[in-house]
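For reference, the structure is listed below as structure tokens.
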Protein chains: 2
Amino acid sequence: MSGDTTLHSRILADIEGQIVSGEWPPGHRLPFEVDLAAQYGCSRMTVNKVMAQLVRSGLIERRKKSGSFVAQPKAQSAVLEIHDIKDEVQSLKLAYGYALIARTVRRSDAEDMRRLGLSKGTDVLDITCLHTAGHEPFCLEKRLINLAMVPQAADFEFVEIAPGPWLLAEVPWTSAQHTIQAISADKDAVKLLKLSAHEACLVIERQTWGQGGPVTNVRLTYPGNRHVVTAQFKPGG
Amino acid sequence: MSGDTTLHSRILADIEGQIVSGEWPPGHRLPFEVDLAAQYGCSRMTVNKVMAQLVRSGLIERRKKSGSFVAQPKAQSAVLEIHDIKDEVQSLKLAYGYALIARTVRRSDAEDMRRLGLSKGTDVLDITCLHTAGHEPFCLEKRLINLAMVPQAADFEFVEIAPGPWLLAEVPWTSAQHTIQAISADKDAVKLLKLSAHEACLVIERQTWGQGGPVTNVRLTYPGNRHVVTAQFKPGG
DNA sequence: TAGTGGTCTAGACCACGCT
DNA sequence: GCGTGGTCTAGACCACTAA
């Protein structure tokens, strides 16, 4: 963990490790800059650069006079503007609803392993659920959760709480990958999203990793004419 | 341009201005850190922080012993992995081809103004072209170019060179917005992309602004089953 | 008001890579 | 070689804000 090139990187990796491992949970107060400088035997400026990087990462928040605190795990919206679906619906001024459709635990089959990127079989939780906006179907969610990484998910019903926000609060994630594609609606989508046959749908697949392996893979199917993904940026980030 | 809060920000904004205005074109060598420090009357460390930020932004590249240079305008892939279509095709080990289908100059109509976000009418260049991979249609491009911002485009034929790379080399851009949606193929798409009727397509619309106003709006239509957009990221950027 | 982060300085040493 | 950027230091002052 401490065998990097520069002093920055070693301290950064060290502190990141404390956070993503959960040793310093969200809300935990980090040592002060002066103390960290003493601990690592470096100047305060060096520690400051590390902390600035951690702020840019969104891993910590800093308040004058109070100190630096591990941030609550944030949604991915920072980079790709895919909000929490509840927020997304509510920003349209529509009533949000959630319904669990299916929930099964099983030994991972070949397809599960491909989706999650598993090298060996584990137990997985397979969840199908529907998000509604103004009592109309809005988004169909098909999710796999790797129980080897999140064993406590096996004991959670997901009847009231959608798996997305639950996982976000429960598991620190370290990286994610999205793929976006257009497909014609399959039978499930036609029925649950009330579409006409073969209507174009936008499918967003998000694969999330934590420290130690794949956490979850989710496929969100939106009716194509009712949803767009947007991303705005400048060269200067 | 120099009325910000911190010394960093003022110097950063100043240098960014030189670059996006085109005063310092791609390839231009920036003054050395020591000289900039002298010019702005600050320490070298302060300049160094600014330069580090510019590198993160992708606006400059730095080489030891040589100096710092304004970077070639990069595709947006830095943030959202949408490559230049030519690169995209060639990374699939397929032969890339480009064909101009239509090219007209006209006074902007209401639809043009909506797409480009124009407040008043200007002349626009309307281009339709096709990108092919291995002699099969790959992507249909419908583009509007704001001639008030890029007058020299009126004199360019776009027979050999696609408008995307031409604009990238010609016009510095300051911000861009993507929207991604799924639609059923329209008649043009069916014919030119050789699709079956109402096949699902992925439509990526990119609106680009330069200093002074909207530059171009492009709609890229991909067969949905042949294309995915991916975006990978970590909380640590 | 006192402690904390935010910012900046004027040095320094080093590694890299042109020449 | 030698100039450049990369990194780091040991201070300093200021602004903010929680106590």
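Sequence lines set the chain letters: A, B, ... in the order given, protein chains first and strands last, and positions in each chain run from 1.
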Nucleotide-resolved protein contact map, nucleotides 13-19 of chain D, B/S/- at heavy-atom distance under 4.0 Å: ---SBB-
Length of the line joining [X]:[atom1] and [N]:[atom2], which is rounded to integer Å:
X     : N      : atom1 : atom2 : result
B:F69 : D:dT4  : CZ    : C1'   : 11 Å
B:I60 : D:dT4  : CD1   : P     : 15 Å
B:Y40 : C:dT7  : OH    : C1'   : 18 Å
A:F32 : C:dG3  : CZ    : P     : 11 Å
B:L7  : C:dG6  : CG    : C1'   : 13 Å
A:N48 : D:dG11 : CG    : P     : 17 Å

Donor-acceptor contact present, side-chain A:N146 to main-chain A:P214, <3.5 Å: yes
Short side-chain to backbone donor-acceptor contact, A:T216 and A:L144, under 3.5 Å: yes
Side-chain N,O (B:H8) to OP1/OP2 (C:dC8) below 4.0 Å: yes
A:T46 side-chain N/O to D:dT9 phosphate OP1/OP2 under 4.0 Å: yes
For A:E23, side chain to side chain donor-acceptor pair (under 3.5 Å) partners two or more places apart: none
Partner residues of B:H8 under the side chain to side chain donor-acceptor pair (under 3.5 Å) criterion, sequence neighbours left out: none
The side chain of [X] lies closest to which of these nucleotides: [options]?
X     : options             : value
A:E33 : D:dG5, C:dC8, C:dG6 : C:dG6
A:M45 : D:dG5, C:dG6, C:dT9 : C:dT9
B:C42 : D:dC8, C:dT9, C:dC8 : C:dT9

Aromatic ring pairing B:H131/B:Y98, orientation class (parallel under 30°, perpendicular over 60°, tilted between): tilted
Crowding at CD, A:Q152 (>12 non-hydrogen neighbours, <6.0 Å): yes
